Amino acid sequence: MLTGAGISADSGVPTFRGTDGLWKNFRAEDLATPEAFERDPRLVWEWYNWRRELIATKQPNSAHKAIVELERRSPNFWLITQNVDGLHRDAGSQKLSEIHGNIWKVRCTGCGLVENNRNVPIAILPSCADCGSLLRPHIVWFGESLFVEDLDCCSRALRQCDVLLVIGTSGVVHPAAGFASIAKQAGAFVAEVNLDPTPQSALVDISLQGRAKDLVPLLLDPA
Ligand code: APR
């Protein structure tokens with residue numbers, strides 16, 4: 001499975017490109033790039049504090065929970081999420097790759113140590129307990145590449161899967177935007193769940209238009 005911000009929209013987490021999307025109100029280049037962090041780490045941390053504070057009040061919805069049940073039922077299951085909100089983990093997903101990182105993890109810019117940190121707010125500017133260097137969000141920013149272990153894991157899953165379900169992503173940010181095509185070329189049946197058509201809609205075998213929280217649970221009892 002591949003998920004995007006749309007699956008968390010039903011939990012009240014803002015998407016990025018919808019009408020009230022984050023990138024409508026904030027400039028990604030000022031907040032979600034290594035250059036932005038280099039230029040003004042305080043501003044970037046203030047923005048991530050705002051997102052952490054918001055997400056801390058949100059719960060997994062029925063779509064997140066249905067995916068946990070699908071994982072339990074399916075021997076060969078893997079979830080690739082672009083979301084950093086941690087709601088899949090909170091719902092109980094264990095076989096997953098958080099390919100854009102996790103907003104509840106911090107990474108030391110000095111020694112590279114990655115730790116969970118659920119402090120809301122997090123003290124600005126946070127420093128590493130081990131080496132004293134500045135901590136950054138453990139999130140893949142624009143202009144940064146995904147973690148190799150995640151890319152390898154996604155590549156294996158996409159090439160071996162029989163079915164790929166693409167839920168709640170606008171399909172414009174690579175490499176995830178190319179995942180449906182990889183699975184399709186490997187012979188998988190690809191279905192999409194989204195409120196609107198996406199660039200993948202013409203490629204997939206079936207495109208289901210509706211809210212993830214309404215459609216995804218139907219997979220459990222298709223009758
Ligand atoms: N159910 C299903 N789909 C929904 C719902 C819903 N309730 N609400 C919104 N959507 C769909 C929108 O139609 C849109 O296609 O979810 C998609 C959200 O798209 P984006 O906001 O672009 O989020 P995403 O595709 O996850 O963005 C990918 O871009 O900014 C970066 O790193 C960030 O991970 C993010 C990446």
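Keep in mind it's a predicted model, so treat the numbers as computed, not measured. Counting begins at 1 with the first residue of the sequence.
- Both L134 and V106 are assigned to one and the same hydrophobic cluster, defined by single-linkage of ILVMFWY side chains at heavy-atom distances under 4.5 Å.
- For S97 (side chain) and I80 (main-chain N/O), no donor-acceptor pair under 3.5 Å exists by modelled atom type.
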Next item on the list: Could you check R118 against D90 for salt bridge (charged side-chain N to carboxylate O under 4.0 Å, His left out), going step by step and ending with a plain yes or no?
Entry: CA-CA 13 Å; R118 288 245 176 189; D90 291 349; 3.2 Å; yes
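- Atom NZ of K65 is separated from atom NE2 of H88 by 13.5 Å, given to the nearest 0.5 angstrom.
- Remark: the E98 side chain and the T81 side chain contain no N/O donor-acceptor pair separated by less than 3.5 Å.
- The heavy-atom pair separating C108 from S133 by the smallest distance is SG-CB, 3.6 Å.
- Aromatic ring pairs are classed by plane angle as parallel below 30°, tilted from 30° to 60° and perpendicular above 60°; the pair F37 and W45 is perpendicular.
- Closest non-hydrogen pair, G110 versus C131, comes out as CA-SG, 4.4 Å.
- Rounded to the nearest 0.5 Å, atoms CG (L79) and NE2 (H64) are 9.0 Å apart.
- Between the side chains of Q82 and T3, no donor-acceptor pair is found at a separation under 3.5 Å.
- Of the possible polar contacts, none joining the D10 side chain to the N61 backbone as a donor-acceptor pair under 3.5 Å is found.
- K184 has its side chain out of reach of V204: every pair of non-hydrogen atoms, C-beta onward, lies at least 4.5 Å apart.
- Scanning all heavy atoms of the two residues, the minimum distance from Y48 to L31 falls at CE1-O, 3.6 Å.
- A heavy-atom distance below 4.5 Å is found between the side chains of P14 and L54.
- Under the 4.5 Å side-chain criterion, counting only non-hydrogen atoms from C-beta, L164 is not in contact with W78.
- Taken to the nearest 0.5 Å, the CZ atom of F142 stands 8.0 Å off from the NE2 atom of H100.
- Within a 6.0 Å radius of CD in E38, no more than 12 heavy atoms belonging to other residues, nucleotides or ligands are found.
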Note to self: Please evaluate residues I124 and E46 with respect to the criterion side chain to side chain contact (heavy atoms under 4.5 Å, CB included), reporting the C-alpha separation (whole Å), side-chain torsions for both, the decisive distance (0.1 Å), and the verdict.
What the structure shows: CA-CA 8 Å; I124 296 179; E46 280 163 3; 3.7 Å; yes
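- Formation of a donor-acceptor pair under 3.5 Å by the N194 side chain with backbone atoms of P197 is not found in this model.
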Check: After noting the C-alpha distance and the side-chain angles of Q209 and V193, does the key distance pass the side chain to side chain contact (heavy atoms under 4.5 Å, CB included) rule?
Finding: CA-CA 6 Å; Q209 286 198 254; V193 171; over 6 Å; no
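- Side chains of R52 and N117: a donor on one and an acceptor on the other come within 3.5 Å.
- More than 12 heavy atoms of other residues, nucleotides or ligands lie within 6.0 Å of CG in D196, so this atom counts as buried by the packing criterion.
- At least one donor-acceptor pair closer than 3.5 Å links the side chain of T198 to the backbone N or O of Q200.
- By the criterion of side-chain heavy atoms lying less than 4.5 angstrom apart, applied directly or through intervening Ile, Leu, Val, Met, Phe, Trp or Tyr residues, L146 is not grouped with L96; the two fall into different hydrophobic clusters.
- Taking each heavy atom of S8 and N83 in turn, the nearest pair found is OG-ND2, 3.6 Å.
- Under a hydrophobic clustering in which Ile, Leu, Val, Met, Phe, Trp and Tyr are joined whenever their side-chain heavy atoms come within less than 4.5 Å, directly or via other members, W23 and W50 fall into the same cluster.
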Next item on the list: Could you walk me through whether L219 and L70 pass the side chain to side chain contact (heavy atoms under 4.5 Å, CB included) test, one step at a time?
Entry: CA-CA 8 Å; L219 289 169; L70 285 168; 3.9 Å; yes
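- Looking at T33, its side chain does come within 3.5 Å of a backbone N or O of A36 through a donor-acceptor pair.
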Next item on the list: Could you please spell out the steps behind the side chain to side chain contact (heavy atoms under 4.5 Å, CB included) verdict for T169 and I167?
Entry: CA-CA 6 Å; T169 181; I167 306 171; over 6 Å; no
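- Note on E69 versus R73: salt bridge recorded, some NZ/NE/NH1/NH2 to OD/OE distance being below 4.0 Å.
- The side-chain heavy atoms of E192 and S201, taken from C-beta on, include a pair separated by under 4.5 Å.
- Closest heavy-atom contact between I7 and A63: CG1-CB, 3.6 Å.
- Paired with I99 under the rule side-chain contact (heavy atoms from CB on, under 4.5 Å), one option of V140, D150, V84 passes, and it is D150.
- Side-chain contact between Q59 and S11 is absent, with no heavy atoms from C-beta onward closer than 4.5 Å.
- Side-chain contact between S127 and L135 is absent, with no heavy atoms from C-beta onward closer than 4.5 Å.
- Across A5 and F16, no two heavy atoms sit closer than the pair CB-CD1, 4.0 Å.
- Separating the CD1 atom in I139 from the CD1 atom in I103 is a distance of 4.5 Å, to the nearest 0.5 Å.
- Looking at S74, its side chain never comes within 3.5 Å of a backbone N or O of E71 through a donor-acceptor pair.
- Salt bridge annotation for E115-R107: absent, with no cationic side-chain nitrogen under 4.0 angstrom from a carboxylate oxygen.
- There is a path of hydrophobic side-chain contacts, each under 4.5 Å, that joins M1 to L208.
- Residues V173 and R17 are in side-chain contact: their nearest non-hydrogen atoms beyond the backbone lie under 4.5 Å apart.
- Remark: L195 CG to S170 OG distance equals 12.0 Å, nearest 0.5 Å.
- Under the 30°/60° scheme for interplanar angles, the aromatic rings of H138 and F147 are found to lie parallel.
- Within 6.0 Å of CD in Q94 there are 12 or fewer heavy atoms belonging to other residues, nucleotides or ligands.
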Margin query: Checking E144 against R136 for the salt bridge (charged side-chain N to carboxylate O under 4.0 Å, His left out) test, could you report, in this order, the C-alpha distance in whole Å, the side-chain angles of both residues, the deciding distance, and whether it holds?
Written below: CA-CA 14 Å; E144 295 185 317; R136 58 165 280 178; 2.7 Å; yes
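- Taking a cutoff of 4.0 Å between a charged side-chain nitrogen and a carboxylate oxygen, R51 and D85 do not qualify as a salt bridge.
- Counting only heavy atoms from C-beta outward, the side chains of W104 and V120 approach each other to under 4.5 Å.
- Going from atom SG of C161 over to atom CZ of F179 covers 11.5 Å, rounded to the nearest 0.5 Å.
- Both W47 and L125 are assigned to one and the same hydrophobic cluster, defined by single-linkage of ILVMFWY side chains at heavy-atom distances under 4.5 Å.
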